[in-house]
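Convention: sequence-line order gives letters A, B, ...; per-chain numbering from 1.
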2 protein chains.
Amino acid sequence: MVTVRDVAREAGVSISTVSRALSVPDKVAVETRERVVSVAAALGYQPNRAAAGLRAGRTGTVGLLVPDLANPYFAAVAKGVTAGAREHALGVFVVDSEEKPEVEAELLRSLAHQTDGVILASPRALDADLPAAGGKPLVVVNQGGPLAVGTDNAGGVALALEHLRSLGHQRIAYVGGPAASWSDAQRRAALHAAGGAGVEVVMLGPFPPTVDGGAGAADDVVASEATAAITFNDVVAVGLVRAVRERGLRVPEDLSVVGFDDTFLAALVTPALTSVGADLREVGRRAIGLLVGRIGARAGSGAATRVLLPATLAVRESTTTPRTARED
Amino acid sequence: MVTVRDVAREAGVSISTVSRALSVPDKVAVETRERVVSVAAALGYQPNRAAAGLRAGRTGTVGLLVPDLANPYFAAVAKGVTAGAREHALGVFVVDSEEKPEVEAELLRSLAHQTDGVILASPRALDADLPAAGGKPLVVVNQGGPLAVGTDNAGGVALALEHLRSLGHQRIAYVGGPAASWSDAQRRAALHAAGGAGVEVVMLGPFPPTVDGGAGAADDVVASEATAAITFNDVVAVGLVRAVRERGLRVPEDLSVVGFDDTFLAALVTPALTSVGADLREVGRRAIGLLVGRIGARAGSGAATRVLLPATLAVRESTTTPRTARED
DNA sequence: CTGAAAGCGCTAACAA
DNA sequence: TTGTTAGCGCTTTCAG
């Protein structure tokens, strides 16, 4: 292993000069710096992050805690986080809580200890988590917190409603997700607020955020006499479409469906789903940005910072004019 | 921050006893050990991995390098890796090479330096990678190497062929993936070897591993007069199904389609895809197992070890008896 | 079985 | 501008 001592000897300087030349270039004479840098490169020197962190009090790594890495939603966020971290020369420790709230705080505790800060995506037990961070900066994705990144759920709901309204829909069902979901609560609130303004919104659920959950909502949706449904996510939409078709109805002719999240799934199914989404990688990148901004700042300093990313609407095949509005 | 010194003082022992009590329990008197352990717990002591690694020469972390974390295939493998690492009390540094071969070796170099070993999933430039690992244990997923974990592509091909043959198909097209793909090469070899034994196999491609790639293969598939197609992966299968239907053919009645990878996508599309798969999380878990086995062993020691996980076949709606074999 | 002491590789005062 | 030195928190000889 090549260490600062090797580089120092070869370059004819002291180890501190090597350290400075590599991490605080301004404090070293140009000539010296260039020599050190080239020697370091020639020897293939790679600084040891653990040692640097030990001394400097910063580890040069951040933690990322997700409920399920195999979920495309979190996978996309994770990709944004790793990309953002790379730009800041940070390492990323990734941990998966397997959707278990009781595991979450424990993992967070050990993660916080080994890193300069943690990004907590869609926490399942935020109250227990906050103290577990042990004073380290904590950026929360998709939920409230002093440092938070989220997508504009209210804006997304507005986009979906406006799209459906412009097609002529007047009675719209919302197929809600798990009761504990923060996003779901935000969307319900936005839908509630929008109700009456030209559309009636029928709230259904909660339903599990799965294909079966969507299928299980079909009877309620049909009974609601809505001409369009907005679902908690794309997977639920797929289940709803499937079950509704089994009842002899057509999508979108008899029922328009709008999904949420705009995962790649939305474009692949038949009919392709109109879906509300957001740039998930940007969510990850912004989370890193927030974290980097707070790392190094005095602990507890700084005001709460919340980043809200705009929602998008991808219009595909699953929405159209309601039958009642057509001339037939 | 609680350190060994705090625990030592509180427990009335020296710091070395604390260290031993926690990491080499056998070398400490039961009574002493219990006292130390309970004090450590009471104080909320968490060992500093960086410091431990610095001294011991092991970091307690492994690296995971994937081409694309947002790809469900790698997300599943990554989930298995993090789960396996947790069982061994290892941290996981995750890095995404964004499918860029030239970035891969560079990332691997820095990753290898900060970890006890690296798992390299589906390398895009393995030859450049091997030296970059710098002597650290390197487990390769889905490609050859001294330490390798993969799925049984030949077995998967055999399962698909046997399934189609039993349905009565005699002429089968393979919609191949990228020329650089190792899995694709293995499958082609297996198909080639199987050709003539009761079935004719028509090799097509290479095609990009995307929906458009699958759609672009439709004409070739139709022209091949095959009654069934096996595709490089599920996404390609979706594209193929879509394009074939646009040409007025039905799936599976006019063309049976078998996908590869058995991602969750396969069960969600219409028709649900029959697909060859494997337990991807197990791939990740086995990779960790291999790595742990090699870490601590003398560098370069030990024979090459390759783990081959069995392929599975999930039969769904996209395959059926060919028209030519039916009484019509 | 336990303690004292020597560093792992690096950075950050403090001197020069 | 550069060098010397003192550790960061921990593990691991080496004594006792």
Between [atom2] on [N] and [atom1] on [X], what's the gap in Å once rounded to a whole number?
| X | N | atom1 | atom2 | answer |
| --- | --- | --- | --- | --- |
| R20(A) | dT11(C) | CZ | P | 11 Å |
| K27(B) | dC14(D) | NZ | P | 13 Å |
| E34(A) | dT1(D) | CD | C1' | 15 Å |

5' precedence on DNA chain C between R33(B) and V18(A) (nearest-nucleotide basis) | R33(B)

Are there more than 12 heavy atoms of other residues, nucleotides or ligands under 6.0 Å from atom CD of E102(B)?
-> yes

Does CD in Q46(A) sit with more than 12 non-hydrogen atoms of other residues, nucleotides or ligands closer than 6.0 Å?
-> yes

Which part of the nucleic acid, if any, lies within contact of T17(A), taking any heavy atom under 4.0 Å across all strands shown: a base, the sugar-phosphate backbone alone, or nothing?
-> sugar-phosphate

For V13(B), report the nucleic acid contact type (base, sugar-phosphate, nothing); a contact means any heavy atom under 4.0 Å.
-> sugar-phosphate

[X] bridged to [Y] by N-O distance under 4.0 Å:
| X | Y | answer |
| --- | --- | --- |
| E106(A) | R109(A) | no |
| K79(B) | D96(A) | yes |
| E98(A) | K100(A) | yes |

Nearest heavy-atom contact between T61(A) and Q114(A) is OG1-O, 3.3 Å

Over all heavy atoms of both residues, which pair between L126(B) and E104(B) is shortest? Give the atoms and the distance, please.
-> N-OE1, 4.4 Å

Between the base of dT4(D) and the side chain of S16(A), is there any donor-acceptor pair under 3.5 Å?
-> yes

In what stems does DNA chain D take part, counting only runs of at least 3 consecutive Watson-Crick or G-U pairs whose two distances fall under 3.5 Å?
-> C:1-16 with D:1-16

If you restrict it to nitrogen or oxygen atoms, what contacts under 3.5 Å exist between nucleotides 7-10 of chain C and the protein, and what is each distance?
unit_1, atom_1, unit_2, atom_2, d
dG7(C), N2, R55(B), NH1, 3.4
dG7(C), N3, R55(B), NH1, 3.4
dC8(C), O2, R55(B), N, 3.0
dG9(C), N2, A51(A), O, 3.1
dC10(C), OP1, Y45(A), OH, 2.5
dC10(C), OP1, N48(A), N, 3.2
dC10(C), OP2, V4(A), N, 2.6

Among L138(A), V140(A), V141(A), L147(A), side-chain contact (heavy atoms from CB on, under 4.5 Å) partner for L290(A) = L147(A)

Which parts of residues 36-44 of chain B get close to DNA chain D, meaning a heavy atom less than 4.0 angstrom away?
-> none

Heavy-atom donor-acceptor pair, R35(B) side chain to A11(B) backbone, under 3.5 Å = yes

Say whether, by atom type as modelled, one donor and one acceptor occur between the side chain of D116(A) and the main chain of T59(A) under 3.5 angstrom.
-> yes

CG of D68(B) to CZ of F74(B): how many Å apart, nearest 0.5 Å?
-> 7.5 Å

